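Following: one structure in structure tokens, then a few remarks.
Atoms considered below: every heavy atom in the structure, side chains included; atoms not considered: hydrogens, waters and symmetry mates. Just so you know, these numbers come straight off a predicted model, no measurement behind them.
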Amino acid sequence: MSDQTSDEQRVAVITGSASGIGLALATAALERGMRVVITSRSGEKLARAREQLSVADDRIVDVVADLRDAAQVERLVATVESRFGRIDLWINNAAGLFFAHAQDITPNGWRAIIDATLNAPFLCCRAVFPVLQRQAAGCILNISSVAAYRPHPGAAHYAAAKAGLNSLTETLGAEWAPYGIRVVGVALGPVLTEASRFHDPVLRAAAEREQPTGRIPTADEVADVILALGDIMSPSFTGETVRVDGGFRSVLSSPLDS
């Protein structure tokens, strides 16, 4: 099965898509004519997202799944295959984050972020591999963060998880290239979403002063960039994590000190 398919035929699975960047990705993919699968642990949030997207039932599927559970991930993949018969783009967007000084992060708190932000994407990659292998085509796109490259005081667990995700992207890109599978990452800087802390005018002003562009992009803007990267069909474009951060390269500020 070739990667050279029309948007109307392509199927995108987007994790953590009940809100924020994930919902913006689902919206943008549907606008391109793609068929889309949205997921969340919360059935209530997923139902609201499904209503907001408001498209024909033959173009969208919503699946409640806890991606930290391998069995639920396997069921998700099986549901998508049963409904659409293929998967072209799998976007690992779901993640977890709370801010705390490293010495205050409990073992359970550490595990919670690693599970949601690193272990869950691995389980998804592992589960979708057989489908992409049979197709000899497809792209896995891991949503990372600039925190993987620079100190992020107040988010040691999250930064470590995203650094691990970047490494996973590199390794899977190399391991799975012979099967025609591309694995790509996108490391985002600050993004303005409905739940973002940057709605606080003081925090937003401070963050925008740090941005060479002078502004924080919206979820819709970064969604367009992410999908464009997923559209690059060259077999050579794999194992890479691309920074989408407005050129910002300094130490990330800690919201705990603001």
* Would you mind reporting whether V225 and V186 have side-chain heavy atoms less than 4.5 Å apart? => no
* Asked: Quick one: does V55's side chain get under 4.5 Å of V36's, heavy atoms only?
  -> no
* To do: Look at atom OH of Y149 and say whether more than 12 heavy atoms of other residues, nucleotides or ligands are closer to it than 6.0 Å.
  => yes
* Looking only at non-hydrogen atoms, find the nearest pair between A116 and P121 and report the distance. => O-CD, 3.8 Å
* Asked: Can you list every pair that meets side chain to side chain donor-acceptor pair (under 3.5 Å) and has a residue in residues 36-47, with sequence neighbours left out?
  -> E44-R48
* Structure fact -> Applying side-chain contact (heavy atoms from CB on, under 4.5 Å) to V184 and not counting sequence neighbours gives C139, F237
* S17 and its side chain to side chain contact (heavy atoms under 4.5 Å, CB included) partner, picked from I38, D62, L25 -> I38
* Asked: Hey, are D57 and R59 close enough for a salt bridge, meaning a charged N less than 4.0 Å from a carboxylate O?
  -> no
* Asked: When you measure from the side chain of H152 to the backbone N and O of V146, does any donor-acceptor pair fall under 3.5 Å?
  -> no
* **Any donor-acceptor N/O pair, T193 side chain to A219 backbone, under 3.5 Å** => no
* Asked: Could R68 and D115 be called an ion pair, given the rule that one side-chain N must be under 4.0 Å from one carboxylate O?
  -> no
* Polar side-chain atom of D245 near backbone of L188 as donor-acceptor pair, under 3.5 Å -> no
* **Donor-acceptor contact present, side-chain T106 to main-chain G109, <3.5 Å** => yes
* Check: A95 main-chain N/O paired with T117 side-chain donor or acceptor under 3.5 Å -> no
* Asked: Out of curiosity, L23 CG to N93 CG, how far, rounded to the nearest 0.5 Å?
  -> 10.0 Å
* To do: Evaluate the side-chain proximity of L30 to T27: yes if any heavy-atom separation is below 4.5 Å, no if none is.
  => no
* Stepwise side chain to side chain contact (heavy atoms under 4.5 Å, CB included) test for I60 and V37 -> CA-CA 6 Å; I60 188 168; V37 180; over 6 Å; no
* Spacing of L141 atom CG and I91 atom CD1 [to the nearest 0.5 Å] -> 5.5 Å
* Give, for atom NZ of K162 and atom CD1 of I143, the distance between the pair rounded to the nearest 0.5 Å. => 7.5 Å
* Asked: Is the side chain of T169 donor-acceptor paired with the backbone N or O of G239 at a distance under 3.5 Å, no angle test?
  -> no
* Inspect the contact between R32 and D231 and indicate whether a charged nitrogen and a carboxylate oxygen are less than 4.0 angstrom apart. => yes
* Rounded distance [0.5 Å steps], CZ in F84 versus CE in M34 -> 10.5 Å
* To do: Give the C-alpha distance, both sets of side-chain angles, the deciding distance and a yes or no for side chain to side chain contact (heavy atoms under 4.5 Å, CB included) between R50 and L46.
  => CA-CA 6 Å; R50 176 68 179 80; L46 201 56; 5.9 Å; no
* Are the charged groups of E74 and R126 less than 4.0 angstrom apart, N to O? -> yes
* For Q72 and L67, indicate whether the former's side chain and the latter's backbone hold a donor-acceptor pair under 3.5 Å. => no
* Asked: Can you list the residues that meet the side-chain contact (heavy atoms from CB on, under 4.5 Å) rule with A160, with sequence neighbours excluded?
  -> W110
* Asked: With a 4.5 Å limit on heavy-atom distance, are the side chains of P153 and L256 in contact?
  -> no
* pair R182-E240: side-chain heavy atoms closer than 4.5 Å -> no
* Should W90 and L132 count as side-chain neighbours, where that means a heavy-atom distance under 4.5 Å? -> no
* Asked: Considering only heavy atoms from C-beta outward, does the side chain of V77 approach that of V131 to under 4.5 Å?
  -> yes
* Got a second to check how far C124's SG is from N119's CG, nearest 0.5 Å? -> 11.0 Å
* Evaluate the ring pair (Phe, Tyr, Trp, His ring centres under 6.0 Å) criterion for residues Y158 and F98: first the C-alpha distance (whole Å), next the side-chain angles of each, then the deciding distance (0.1 Å), finally the verdict. => CA-CA 8 Å; Y158 178 79; F98 64 85; over 10 Å; no
* Could you check if a side-chain atom of E170 sits within less than 4.5 angstrom of a side-chain atom of E175, using non-hydrogen atoms only? => no
* To do: List the atom of G22, the atom of I14, and the distance in Å for their closest heavy-atom pair.
  => O-CG2, 3.8 Å
* With side chain to side chain contact (heavy atoms under 4.5 Å, CB included) as the test, would you mind laying out the steps for N142 and V183 before giving the verdict? => CA-CA 8 Å; N142 293 322; V183 185; 3.9 Å; yes
* Structure fact -> Rounded to the nearest 0.5 Å, the CD1 atom of I216 sits from the CG atom of L192 at a distance of 6.5 Å
* To do: Please confirm whether the backbone N or O of G20 pairs with a side-chain atom of E194, one donor and one acceptor, at under 3.5 Å?
  => yes
* Atom of A127, atom of V73 and distance for their closest heavy-atom approach -> CB-CG1, 3.5 Å
* Apply side chain to side chain contact (heavy atoms under 4.5 Å, CB included) to N92 and I140, showing your working. => CA-CA 8 Å; N92 284 315; I140 296 170; 3.8 Å; yes
* To do: Kindly give the heavy-atom pair with the smallest separation between T241 and S144, and that separation in Å.
  => CG2-CB, 4.3 Å
* Would you say R204's side chain and R215's backbone share a donor-acceptor pair under 3.5 angstrom? -> no
* Non-hydrogen atoms of R243 and R150 that approach each other most closely -> NH1-NH1, 3.8 Å
* Structure fact -> Residues L123 and A70: closest non-hydrogen pair is CD1-N, 3.9 Å
* Would you find a donor on one side and an acceptor on the other, under 3.5 Å apart, between the side chain of Q135 and the backbone of A137? -> yes
